[in-house]
Amino acid sequence: MLKEFIEKGRKAKRINFPYTNKEEILKKLSLVNKSNELLNAGYILFAKEAKLEMQMAIFATETKLTFLDIDQVFGNIFELIETGEGYIRKNIKWPVNFKSGGMERVEIPEIPLEAIREAIINSLIHRDFKNPKSNEVAIYKDRVEIFNPGEFPEGYKPEDFIKGEGSIPRNPLIANTLYLSKDIEKWGSGFRRITEVCAKADVKVKFEIRKNGFMVIFYRKTDEELLDLTGENKNVQEKTYEKTYEKTYENIEEKIIEFCVEAKSAKEISGFCGFKSVDRFKRNYLKPLLEQGKIKMTIPEQPKNRNQKYIANNGVNK
């Protein structure tokens, strides 16, 4: 991991020395003391044995009453950055749109990935490592929350950092190391970058000081609002979609019917056909096939049953 870090820093032109050996590199990064003992920052950043904790969960509603998925992971900072970002990437919506004038499908995340990664990194850089509480990623129907334990700098508000007025890293050695690998652009720029990226994507974001820590909240769009998540004009997008839909529907219809020889869930069918948004897929493809009688529900008396599956009319219900 240390060798990869140096290569990444050299590529970013922020490190001007090659990898030699672990001891020498850690010394150049100021991550060991005068006795060449690894500092806590070095351990947290690079040690395979590091046990920083991150809790991640998906909740069924807008509260924490019922969860659909929960996970607890341990690792060093670089491992938690990738794990936290990956968990959100995997569990947000990626609406499919079509480029104007063509049939090329484009998937756009409902929350900008750059903003997600920046928020994850910020939550780890500014974490209070003496606090026993862990970093948290919570995904709700209407929002995504990223939390880190530790008091916000006294006398400051999030707006101060958005304006670029000062930088107070809780863990300067960690912040500097992540700067060298270009995981952060410069100290104190995280809030501003998140705000700018979200504004471009029309995503509402909120920075909230909590009693025991700090939280970044990304607000999610409804399925209808997600239809606007392209840089193209909405009317052009809709016309392009209509033209393309006529050409592609027949092939997708055939794929669905062939795949549903045995009963399949909507998620299985949409994944097989290459679609990320299950709700949109159900509306545009499964609903018309149901109305035409080409497929049927396995639990027709309860259309919204969580165990609902779909099967071709000549299929086998197992």
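Just so we're clear, the structure is a prediction, and the values are computed from it rather than from any experiment. All heavy atoms count here, side chains included; hydrogens, waters and symmetry mates do not.
- A cation-pi contact links K264 to F259, judged by a cut-off of 6.0 Å to the six-membered ring centre and 45° from its axis.
- Ion pairing between a basic and an acidic side chain is recognised when a charged N comes within 4.0 Å of a carboxylate O; R143 and E145 show such pairing.
- F46 places a side-chain heavy atom less than 4.5 Å from the side chain of L31.
- When the side chains of ILVMFWY residues are joined at heavy-atom separations under 4.5 Å, either directly or via intervening members, V205 and I125 end up in a single hydrophobic cluster.
- Side-chain atoms of N176 never come within 3.5 Å of backbone atoms of P172 as a donor-acceptor pair (strictly under, hydrogens ignored).
- Ionic pairing of E136 and K133 is present here: one or more N-O contacts between side-chain nitrogen and carboxylate oxygen are shorter than 4.0 angstrom.
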message: If you apply the rule salt bridge (Lys or Arg N to Asp or Glu O under 4.0 Å), what do you find for K200 with E196, and how did you get there?
response: CA-CA 6 Å; K200 282 184 181 179; E196 290 173 353; over 6 Å; no
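- Applying the side-chain hydrogen bond (donor to acceptor under 3.5 Å, both in side chains) test to E49 and every residue at least two apart in sequence or in another chain returns nothing.
- For the salt bridge (charged side-chain N to carboxylate O under 4.0 Å, His left out) condition, the pairs that include at least one residue of residues 111-129, sequence neighbours left out, are E82-R117, E85-R117, E114-R193, R117-D183, E118-R193.
- A salt bridge links E110 and R220; the closest N-O separation between the charged side-chain nitrogens and carboxylate oxygens is under 4.0 Å.
- A salt bridge does not link E23 with K27: every distance from a Lys NZ or Arg NE/NH1/NH2 to an Asp or Glu carboxylate oxygen is 4.0 Å or more.
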message: Show, in sequence, the C-alpha distance, side-chain angles and deciding distance for K206 and E208, and conclude whether the salt bridge (Lys or Arg N to Asp or Glu O under 4.0 Å) test is met.
response: CA-CA 6 Å; K206 183 179 180 182; E208 192 170 283; 3.1 Å; yes
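- Taking the six-membered ring where the residue is Trp, the centroids of F214 and F147 are separated by 6.0 Å or more.
- For the atom pair N40 CG and N171 CG, the distance stands at 10.0 Å (nearest 0.5 Å).
- Taking the ring centre of F272 as origin, the terminal cationic atom of K255 falls inside the region bounded by 6.0 Å and 45° from the ring axis.
- Residues passing the side-chain hydrogen bond (donor to acceptor under 3.5 Å, both in side chains) test with Q55 are E53, sequence neighbours excluded.
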